[in-house]
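Following: one structure in structure tokens, then a few remarks.
Below, chain A is the first sequence line, B the second, and so on; all start at residue 1.
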Amino acid sequence: MKEELSRLIHQALDELVKTDALPADISPNVQIDRTRDSSHGDLASNIALTLAKASGRKPRDLAAAICAALPPSDLVARAEIAGPGFINFFLSASSSQAVVRNILEQGDAFGRNAEGAGRKVQVEFVSANPTGPLHVGHGRGAAVGDSLCRLLAATGWDVTSEFYYNDAGAQIDNLALSVQARCRGLGPDDASWPEDGYRGDYIVDVAEAYQRGDTIDAEDRHVQGAGDAGDLAAIRDFAVAYLRREQDLDLQAFEVHFDNFFLESSLYEKGAVEDTVARLVANGHTYEKDDALWLRTTDFGDDKDRVMRKSDGGYTYFLPDVAYHLDKWQRGFERVINEQGADHHSTVTRVRAGLQALDQGIPEGWPDYVLHQMVLVMRGGAEVKLSKRAGSYVTLRDLIDEVGCDATRYFLVARGPGSQLTFDIDLALSQSNDNPVYYIQYAHARTRSVLRKLAEQGWEWHAERALQDLEQLGEEHEKALLRRLDSYPEVVATAARDLEPHTVANYLRDLAGDFHTWYNAHKMLVDDAAVRNARVALSEAVGQVIRNGLGLLGVSAPESM
RNA sequence: GGGGGUAUAGCUCAGCUGGAUAGAGCACCGGCCUUCUAAGCCGACGGUCCCAGGUUCGAAUCCUGGUACUCCCGCCA
């Protein structure tokens with residue numbers, strides 16, 4: 001549609017150049033925008049404003065000349081000059097109604113495109129260490145990351161989702177010590193409680209399960225509790241498996257799926273960490289100082305050099321991070337997106353620097369990052385601190401149990417990742433019916449209800465026949481809906497390109513609003529068969545788009561509410 | 001000190017890569033259910049788009065300089 005209009009304008013400009021009404025050396029950048037106000041038509045161009053100076057003519061005069069030179073087209077009913085010199089295009093009824101046919105014919109595919117051209121992309125998100133249940137911050141990562149996967153898949157990318165976790169580091173030792181202490185009947189307030197031990201109640205559950213000899217069947221490991229409080233290694237394996245299973249259940253409840261789980265320990269087993277060190281040393285980007293091995297990341301834009309191998313011989317987390325990303329590159333992911341909490345933003349420069357130092361031909365800006373800001377959780381008017389160690393943080397499972405998966409996912413994905421999110425539990429609980437997700441789902445349920453009612457009244461409706469009656473859609477509310485529906489593919493394309501799923505959420509709210517307004521203003525199931533057919537077709541199109549859009553957010557579209 | 005993010009209605013937030021009269025939800029006020037689902041609709045109220053400059057036909061949006069809040073800056077992950 002935009003392309004077509006752009007072509008018409010170019011033709012008009014060529015005509016004006018030919019008749020010397022415009023200088024030949026202009027380089028028009030024709031821009032077509034959707035109008036905000038329907039009194040400004042459906043689409044508008046600012047071309048006369050941008051060319052006014054170069055042509056030495058007043059914008060409105062130039063706009064008039066362009067309008068006069070526009071070749072006739074079935075798409076456009078009329079073009080008007082408005083404001084300082086905009087050209088407003090009013091689409092013909094038939095071309096604006098065509099979107100209904102497109103939607104009903106394309107169904108689930110409406111809004112998808114092939115921009116990714118089947119290229120491989122990996123999205124890594126959540127990546128929580130198995131030291132406790134997932135909290136709200138992980139939930140935001142899960143909601144955003146999963147939506148990104150869906151958006152990328154919808155725009156032609158070959159997507160792999162991945163969850164990375166550390167199953168062997170210092171924090172895991174700390175976890176094991178905490179469970180061991182619980183096995184011995186100690187509490188966080190006892191003198192011999194491990195320093196910085198995990199204080200949460202879930203540690204008690206792990207300890208009891210271990211001592212009972214429970215069997216854990218997690219996605220990637222199967223462990224039985226040995227029951228021996230003295231066997232720290234056994235406790236560690238059991239605790240990791242136990243908490244991984246808990247996280248799997250959290251993700252399952254959140255309806256988030258991962259294609260791959262990647263263990264940090266596997267990097268050591270494969271020798272990938274040693275290889276990475278060797279390569280960095282061979283490339284001459286390292287030096288020894290204070291018994292430690294440093295990487296000169298300042299050569300690659302970092303503000304100071306980083307330790308790779310500590311003076312005690314162990315590696316810092318930085319090194320396996322680099323090894324891990326090299327592994328991603330070697331798996332053929334030319335594009336990788338890491339969705340993380342913004343508190344990790346300082347690792348971005350570091351990891352990219354490490355990859356550059358490897359000299360493997362990895363592009364400088366690789367990989368991409370989507371960083372989400374903190375989620376503040378309010379309860380009873382006060383902030384709940386998200387401290388694992390205090391054990392008082394709000395878990396994702398709590399939220400899902402309390403406000404439901406759909407509402408939680410919508411809430412966490414409906415805001416831009418860059419804005420801090422205040423999740424007010426009291427508000428979510430006391431006013432869960434006011435959550436925007438219900439507003440959208442309700443619109444969908446209404447479209448389904450109309451079909452049921454139609455059948456009850458003995459009327460028949462067939463898409464192919466109804467599409468013959470689309471010219472019956474002449475009400476202003478209907479035109480607004482048609483405009484909104486027509487913009488959906490652009491919304492999806494933009495959201496995917498900018499990695500911003502929340503624009504889809506905003507769009508759906510607007511679409512649902514247009515639908516509810518129309519629903520209240522006009523009855524669909526009227527006696528006039530042609531009008532009825534057309535309106536039900538429009539309703540069906542709305543339902544389809546809501547379904548498609550909610551699908552991108554991982555939110556269900558219920559048949560009835 | 002360095003870096004990331006944010007600043008828009010009483011509150012929570014949108015604002016489509018510079019467009020026309022800056023929008024929604026919540027809260028408050030007033031209307032609409034005998035009629036396809038009132039989890040809905042209609043109306044009213046509500047603004048120094050943090051401040052100061054700059055860029056241009058045109059700035060909430062871009063640039064510069066400030067201010068405030070927040071997160072990060074370890075031989076933790």
Expressed in angstrom and rounded to an integer, what is the separation of A:Trp518 atom CH2 from B:C42 atom P?
15 Å
In terms of side-chain heavy atoms, does A:Thr297 have a donor or acceptor partner in A:Asp302 at a distance below 3.5 Å?
yes
State, to 0.1 Å, how close A:Arg140 and A:Arg415 come at their nearest heavy-atom pair, and which atoms those are.
NH2-O, 4.1 Å
Are A:Arg309 and A:Glu274 close enough for a salt bridge, meaning some N to O gap below 4.0 Å?
no
Atom CD of A:Glu364 with >12 non-hydrogen neighbours under 6.0 angstrom:
no
Give A:His477 one of three labels, base, sugar-phosphate or nothing, depending on what nucleic acid heavy atoms sit under 4.0 Å from its own.
nothing
In terms of side-chain heavy atoms, does A:Asp33 have a donor or acceptor partner in A:Gln31 at a distance below 3.5 Å?
yes
May I have the distance from A:Arg509 (atom CZ) to B:A24 (atom P), rounded to whole angstrom?
9 Å
When A:Asp42 is tested against each of A:Arg78, A:Arg483, A:Arg484, A:Arg36 for salt bridge (charged side-chain N to carboxylate O under 4.0 Å, His left out), which residue passes?
A:Arg483
Quick check on RNA chain B: between A:Lys289 and A:Met561, whose nearest nucleotide comes earlier from the 5' end?
A:Met561
Value in whole Å for how far the C1' atom of B:A24 lies from CD1 of A:Ile440:
12 Å
Can you check whether any acceptor in the base of B:G5 is under 3.5 Å from a donor in the side chain of A:Gln420, or vice versa?
no
Determine the contact category for A:Tyr519: base if any of its heavy atoms lies under 4.0 Å from a base atom, sugar-phosphate if only primed atoms, P, OP1 or OP2 are that close, otherwise nothing.
base
Should we say atom NZ of A:Lys58 is surrounded by more than 12 heavy atoms from elsewhere, each under 6.0 Å from it?
no
Counting the atoms with a prime plus P, OP1 and OP2 as sugar-phosphate, which does A:His344 contact under 4.0 Å by heavy atoms, base, sugar-phosphate, or nothing?
base
What distance, rounded to whole Å, do you find between the two C1' atoms, one in B:C63 and one in B:A39?
47 Å
Using the side-chain contact (heavy atoms from CB on, under 4.5 Å) rule, take A:Val240 and A:Thr131 through it: C-alpha gap first, then chi angles, then the decisive distance, then the call.
CA-CA 7 Å; A:Val240 168; A:Thr131 52; over 6 Å; no
Classify the nucleic acid contact of A:Gly418 as base, sugar-phosphate or nothing, counting any heavy atom under 4.0 Å across all strands shown.
sugar-phosphate
Under 3.5 Å, is there a donor-acceptor pair between the A:Trp294 and A:Glu288 side chains?
no
By the 4.0 Å heavy-atom rule, please label A:Ala445 as base, sugar-phosphate, or nothing.
base
Would you please name every residue forming a side-chain contact (heavy atoms from CB on, under 4.5 Å) with A:His344, sequence neighbours left out?
A:Gln340, A:Thr347
Interface with RNA chain B, restricted to residues 309-324 of chain A and to heavy atoms under 4.0 Å:
A:Lys310, A:Ser311, A:Tyr315, A:Thr316, A:Tyr317
So, applying ring pair (Phe, Tyr, Trp, His ring centres under 6.0 Å) with A:Tyr164, which one of A:Tyr317, A:Phe261, A:Tyr324 is it?
A:Tyr324
For a quick check of understanding: with a heavy-atom distance under 4.0 Å over all strands, which category does A:Arg57 fall into, base, sugar-phosphate or nothing?
nothing
With nearest nucleotides of RNA chain B determined for A:Leu371 and A:Met524 from heavy-atom distances, which residue corresponds to the more 5′ nucleotide?
A:Leu371
Separation of atom CD in A:Glu264 from atom P in B:C76, rounded to whole Å
14 Å
Using atom C1' in both nucleotides, what's the gap between B:G30 and B:C45 to the nearest angstrom?
11 Å
Compute the centroid of each ring, for A:Phe163 and then for A:Phe262, and state whether the two points are separated by less than 6.0 Å.
no
Between B:C41 and B:U35, how far apart are the two C1' atoms, rounded to whole Å?
15 Å
Under 3.5 Å, which N/O atoms of the protein pair with N/O atoms of nucleotides 19-23 of chain B?
from, atom 1, to, atom 2, distance (Å)
B:G19, N7, A:Asn46, ND2, 3.1
B:G19, O6, A:Asn46, ND2, 3.2
B:A20, OP2, A:Arg36, NH2, 3.0
B:A20, N6, A:Asn88, OD1, 2.7
B:A20, N1, A:Asn88, OD1, 3.1
B:A20, N1, A:Asn88, ND2, 3.1

Separation of A:Asp305 atom CG from B:G74 atom C1', in whole Å?
15 Å
In whole angstroms, the gap separating C1' of B:U35 from CG of A:Asn520 amounts to 12 Å
Would you say A:Glu246's side chain and A:Tyr202's backbone share a donor-acceptor pair under 3.5 angstrom?
no
Interface with RNA chain B, restricted to residues 533-546 of chain A and to heavy atoms under 4.0 Å:
none
RNA chain B: stems of at least 3 consecutive Watson-Crick or G-U pairs whose donor-acceptor distances fall under 3.5 Å:
B:1-7 with B:67-73, B:10-13 with B:23-26, B:29-32 with B:40-43, B:50-54 with B:62-66
Audit row: A:Leu49, A:Phe86, side-chain contact (heavy atoms from CB on, under 4.5 Å) steps and yes/no
CA-CA 7 Å; A:Leu49 290 163; A:Phe86 291 104; 3.8 Å; yes
Taken in chain and number order and not counting sequence neighbours, the residues that satisfy side-chain contact (heavy atoms from CB on, under 4.5 Å) with A:Ala239 are A:Leu175, A:Val179, A:Val206
